Amino acid sequence: MKSLKAPRFQLCCSAAALVLLVAGCASNDTVVQPGTPSGSLITGSPAAPANAPTTSSVPPHQLQVCNAKPVQLYIGHNTVPSTLEMIRKKSGAYIVRVLGENQPTTMEFDQERLNVIANEAGKITALRCG
């Protein structure tokens, strides 16, 4: 009987280790999403607030295509929430993602996302859609 319990225990431990490994690989991107109060930042992938009802689908929104050209004048500004929200609105983007200068990122293209590249001091060094 003991021989049946040992593999089960090992399987449970392996599953728990896998969950922790996946959680450790979660994104650390900073994302500003419309509809949140000014200055509210969502870290990681956009998610519903903690007190929101849990549903499996996100309500649809009107397509908001990013255009980084009109916001290039913000290079050199700080990445404070009010500036990020202003940049998001002026670019027409739905989401803003703040990245470090040499930070590895996902390679999928999102036409509704503005990527704000910032240096260690928090100054904007580049603005790109995607």
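These numbers come from a predicted model, not from an experiment.
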Taking atom [atom1] of [X] and atom [atom2] of [Y], what is their separation to the nearest 0.5 Å?
| X | Y | atom1 | atom2 | answer |
| --- | --- | --- | --- | --- |
| N115 | T105 | CG | OG1 | 7.0 Å |
| Q72 | S91 | CD | OG | 10.0 Å |
| Y94 | L114 | OH | CG | 15.0 Å |
| T83 | Y74 | OG1 | OH | 7.5 Å |
| L127 | H77 | CG | NE2 | 10.5 Å |

Could you go through L84 and V98, starting from their C-alpha distance and side-chain angles, then the distance that decides it, and tell me whether this counts as side-chain contact (heavy atoms from CB on, under 4.5 Å)? CA-CA 9 Å; L84 293 174; V98 178; 3.7 Å; yes

Before you tell me yes or no, could you show the steps for T106 and R97 under side-chain hydrogen bond (donor to acceptor under 3.5 Å, both in side chains), namely the whole-Å CA-CA distance, both residues' side-chain angles and the distance that decides it to 0.1 Å? CA-CA 11 Å; T106 58; R97 178 170 67 170; 3.2 Å; yes

Within the 4.5 Å heavy-atom criterion, are I124 and T79 side-chain neighbours or not? yes

Side-chain heavy atoms under 4.5 angstrom apart, residues restricted to Ile, Leu, Val, Met, Phe, Trp, Tyr: same cluster for I87 and I75? yes

Do the side chains of I95 and F109 join up, straight or via other hydrophobic residues, at under 4.5 Å, putting them in one cluster? no

R113 side chain to G130 main-chain N or O, any donor-acceptor pair under 3.5 Å? yes

Is there a donor-acceptor contact under 3.5 Å from the side chain of N67 to the main chain of K69? yes

Scanning both residues in full, the closest heavy-atom pair of A93 with R88 reads O-NH1, 3.1 Å

Using the side-chain contact (heavy atoms from CB on, under 4.5 Å) rule, take R128 and I117 through it: C-alpha gap first, then chi angles, then the decisive distance, then the call. CA-CA 8 Å; R128 297 188 285 262; I117 316 313; 3.5 Å; yes

Under the salt bridge (Lys or Arg N to Asp or Glu O under 4.0 Å) rule, what do E101 and K123 come out as? Steps first, then yes or no, please. CA-CA 10 Å; E101 287 183 316; K123 300 279 186 190; over 6 Å; no

With sequence neighbours excluded, tell me which residues meet side chain to side chain donor-acceptor pair (under 3.5 Å) with K89. none

Quick one: side-chain contact (heavy atoms from CB on, under 4.5 Å) partners of L63, sequence neighbours excluded? V65, Q111, E112

For E120, the salt bridge (Lys or Arg N to Asp or Glu O under 4.0 Å) test, sequence neighbours excluded, returns none

